[in-house]
Every structure is written in structure tokens, then in C-alpha cells.
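One structure is given here, and the rest of the page talks about it.
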There are 2 protein chains.
Amino acid sequence: MNATHQDLTRNQTLVLDTLAKADGPLSAYTILDRLRGDGFRAPLQVYRALEKLLGFGLVHRLESLNAFVACAHPHCHAHGLIAFAICEDCGQVDEFSDAVVRERLGAWSAENGFKAEKPIEIRGHCANCAAA
Amino acid sequence: MNATHQDLTRNQTLVLDTLAKADGPLSAYTILDRLRGDGFRAPLQVYRALEKLLGFGLVHRLESLNAFVACAHPHCHAHGLIAFAICEDCGQVDEFSDAVVRERLGAWSAENGFKAEKPIEIRGHCANCAAA
DNA sequence: CCCGACATGTAATGATATTACATTGCGAAG
DNA sequence: CTTCGCAATGTAATATCATTACATGTCGGG
């Protein structure tokens, strides 16, 4: 396991590069449109590549946006619970991993027998947009 | 503002009652199907009612599931940041509001100028499903 | 009575995601 | 070398979630 970038197939590489070049989250259909010049024709080509990339930890899915982003820390696969701060005004997404939030959610999990698995998405307003 | 239950229209009442009776989150189209006997015919009837109920704080939207739940604490409208623990195996949803998580996220927000607005959704496995 | 505001009804369409099935490429077993 | 098998890929159709556009109904204040 622990696929390196070199193990990626052509389609996976194209999708990952598209996400890495983007300045924010992209929907699957937006990725599709950007890759039509490279021969992409159907949503499934994108979804299949994303499925693998998610498994490799190279990409995250933002469920609240129905969109995807390249992982901001692709070299440290081991980080546990991460979180995204999503600005609902400008769409900016900030990936972070706060030790105290992690620890505290871990404590809540232990009390309740719940085991967190996926990134947490916090929606609100970033500094810039809150000021405006 | 602060509409009471009595201010609800017929459609809003039907939708809220459907969610309240359900034992878990429902999609808008599931609600629609359950209300066909009451004259509902189009998705918009459901979405419009949900829009109001969300505004009243009587219903929450689970963005990661594209589904909706009745608020577990409809009488205390003032609670700040709440969270849902969503089991990805059985679909059970646990609404809670942990003071330390709230406080800590507040601190992160202050450091980063980010202002959280919406409930947080934590996905993972509940005690029962983790055991299995 | 008439108007305005808001709730409702209906149809069409857009946006996101999956299922089903055919085809291709390529390494390993024989 | 050939054949088998597996994973990736290609293509079409369809399922699921959400919104736009426009028409109609209801009800209280002027």
C-alpha cells in the first residue's frame, strides 16, 4: 500500500494535477470539463480516479460542498483527524489539524463509544469575508 | 421572529411531523414520498417547507448526507455551535453540544479570524457498529 | 372591493452520483 | 509464446438531490 505518486495511472494523475492546480475545491463535473481536452468524456472517469486518490489520501472530499480538494499535506499520510474551515462566502477552504480539537473529540468519542473516521467540516466565514 | 410551532403552515407542519416521527435523517424526496397521501406532489413543496423550518431552527440539514433531521432540542433555540455524530454504518445520528469542543473551536476561530456558523458533522462508527 | 404579501401548485431543468456492461492493457502461470 | 485473470478504462443509461420559472390561491389592511 501507501502508493506513491508514481503509481498513479494516467487518469488519476490528470485528476490530481487538476485539483492541485485549482485554487479551491472543484466538483467532479468541473474536473470533467477541465479534462475534456485530455480525452475525458464521462463522469465515471473522474469518480473512479477520485475514489483511488481518496484511498491514497492524496485527495479529500468536502461532503458539505459536494466537491474535492488535493490534500494540503500529501507527504504525511499518518495524520489522524483533520478539519476544514470552509468559508460560505468566498469558498476558500483551510485544511488544518488542531491538536486540542483532535484530543477533545477523541475524549468525546471515548465517552460515547463513537469512533470518528473522516475529516470534519466547519462552515462559516473567513476573516476577509467577515470583515466585509 | 422566533416563530412558535403554532405559526407553521400546513405544509411546514406536515414536513416537521414527518421528520419528528422518523427514527433518523430523511432525504427531501423520502419526505415527499411519505406525504403524497397528504397531497404533496413536487419536491419544491418539501424544500420550501424545509427552508422555513431551518430558519426557525426546528430542523437541521445534514450536508454530508443530503438529508434532514428534526432538532433534538427545539425548545432552546439559543444554543451556539452544535455537532452531529453520524454513523456511516447504520445511519444513526447523535446531536450534541460539547462545551469544550465549542470553546476550543472558538479559540481556533479567534486565532484565524474564522467564524463558525453551522453545525459540525462528525462521521464515523457508533458504538454498536464498531463492535460488530 | 382591491391590493400586496406570502404560501402554494406545477413543470421543467440543472447538478451530483451510481449502476451496468463492454473493452483494453498487461503481468503471471502454464 | 499464449492464455488467463485482473485492474483500469470507455460508454450509456439512470438514479438522486436541488433549483428556476411561472401560475394560482389566500387572506388581511387600506
Side-chain angles (χ1 to χ4, degrees), chain A residues 1 3-19 22 24-56 58-69 86 88 91 118 121 123, chain B residues 1 3-19 22 24-56 58-69 86 88 91 118 121 123:
Chain A
M1 232 336 249
T4 69
H5 200 128
Q6 301 175 14
D7 296 327
L8 298 180
T9 66
R10 169 182 156 83
N11 283 5
Q12 288 160 20
T13 303
L14 286 167
V15 168
L16 180 57
D17 287 353
T18 301
L19 282 174
L26 299 180
S27 78
Y29 280 73
T30 301
I31 296 170
L32 173 58
D33 286 340
R34 296 200 182 175
L35 290 176
R36 292 209 185 267
D38 295 288
F40 273 49
R41 297 174 163 275
L44 200 49
Q45 296 176 281
V46 176
Y47 283 110
R48 282 205 275 232
L50 287 171
E51 188 178 9
K52 293 295 185 181
L53 294 169
L54 289 166
F56 296 154
L58 296 172
V59 160
H60 298 293
R61 176 183 203 134
L62 299 175
E63 314 236 16
S64 65
L65 299 180
N66 294 318
F68 303 84
V69 286
I86 302 169
E88 303 204 306
K118 299 277 187 68
E121 302 170 27
R123 284 153 293 139
Chain B
M1 232 340 247
T4 70
H5 201 129
Q6 303 176 10
D7 296 328
L8 299 179
T9 66
R10 169 183 157 84
N11 284 4
Q12 288 160 19
T13 303
L14 286 167
V15 168
L16 180 57
D17 287 352
T18 301
L19 283 174
L26 299 180
S27 80
Y29 279 73
T30 301
I31 296 169
L32 173 59
D33 286 339
R34 297 200 180 176
L35 290 176
R36 291 206 186 270
D38 295 289
F40 273 49
R41 298 172 162 275
L44 201 49
Q45 296 177 281
V46 175
Y47 282 110
R48 282 204 277 232
L50 286 170
E51 189 177 10
K52 293 295 183 181
L53 293 169
L54 288 166
F56 296 154
L58 296 173
V59 160
H60 298 292
R61 174 181 204 136
L62 298 176
E63 314 236 15
S64 64
L65 301 181
N66 294 318
F68 303 84
V69 286
I86 301 169
E88 303 203 308
K118 299 276 188 71
E121 301 171 28
R123 283 153 293 140

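In what follows, chains carry the letters A, B, and so on, assigned in the order in which the sequence lines appear, proteins first and then strands, with residues in each chain numbered from 1. What you see is a predicted model, and the numbers here were worked out from it, not measured in a lab.
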Phosphate contact ([N] OP1 or OP2) by [X] side-chain N/O below 4.0 Å:
| X | N | result |
| --- | --- | --- |
| A:R10 | D:dA7 | no |
| B:Q45 | C:dG9 | yes |
| A:T9 | D:dA7 | no |
| A:R48 | C:dT19 | no |
| A:R41 | D:dG10 | no |

Quiz item: Where is the tightest heavy-atom contact between A:L32 and A:P43, given as atom of each residue plus distance?
Solution: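 Nearest pair, atom of A:L32 first, then A:P43: CD2-N, 3.9 Å.
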
Practice problem: Compare every heavy atom of A:V69 with every heavy atom of A:G24, then report the nearest pair and how far apart it is. | Solution: C-CG1, 4.3 Å

Let me know the distance between [atom1] of [X] and [atom2] of [N], rounded to the nearest Å.
| X | N | atom1 | atom2 | answer |
| --- | --- | --- | --- | --- |
| A:L50 | C:dT18 | CG | P | 11 Å |
| B:L8 | C:dA7 | CG | P | 11 Å |
| B:L54 | D:dT19 | CG | P | 11 Å |
| A:L53 | D:dA8 | CG | P | 11 Å |
| B:E51 | D:dC17 | CD | P | 19 Å |
| B:Y47 | C:dT8 | OH | P | 17 Å |
| A:F40 | D:dT9 | CZ | P | 8 Å |
| B:Q12 | D:dT26 | CD | P | 17 Å |

Quiz prompt | Which residue lies more 5' along DNA chain D, comparing A:P43 with B:F68 via nearest heavy atoms | solution =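 Nearest nucleotide further toward 5': that of A:P43.
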
Close side-chain approach of [X] and [Y], heavy atoms under 4.5 Å:
| X | Y | value |
| --- | --- | --- |
| B:Q12 | B:D7 | no |
| B:R123 | A:E121 | yes |
| B:F40 | B:N11 | yes |
| A:L19 | A:L58 | no |
| B:T9 | B:K52 | no |
| A:L53 | A:L8 | yes |

Quiz item: In residues 27-38 of chain A, what residues come within less than 4.0 Å of DNA chain D, judged by heavy atoms?
Solution: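 Contacts with DNA chain D under 4.0 Å: none.
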
With respect to the side chain of [X], which nucleotide from [options] is positioned closest?
| X | options | value |
| --- | --- | --- |
| B:K52 | C:dT10, C:dA7, C:dT18 | C:dA7 |
| A:N66 | C:dT16, D:dT9, C:dG9 | C:dT16 |
| B:L44 | C:dT10, C:dT8, D:dC17 | C:dT10 |

Quiz item: With nearest nucleotides of DNA chain C determined for A:A67 and B:N11 from heavy-atom distances, which residue corresponds to the more 5′ nucleotide?
Solution: B:N11

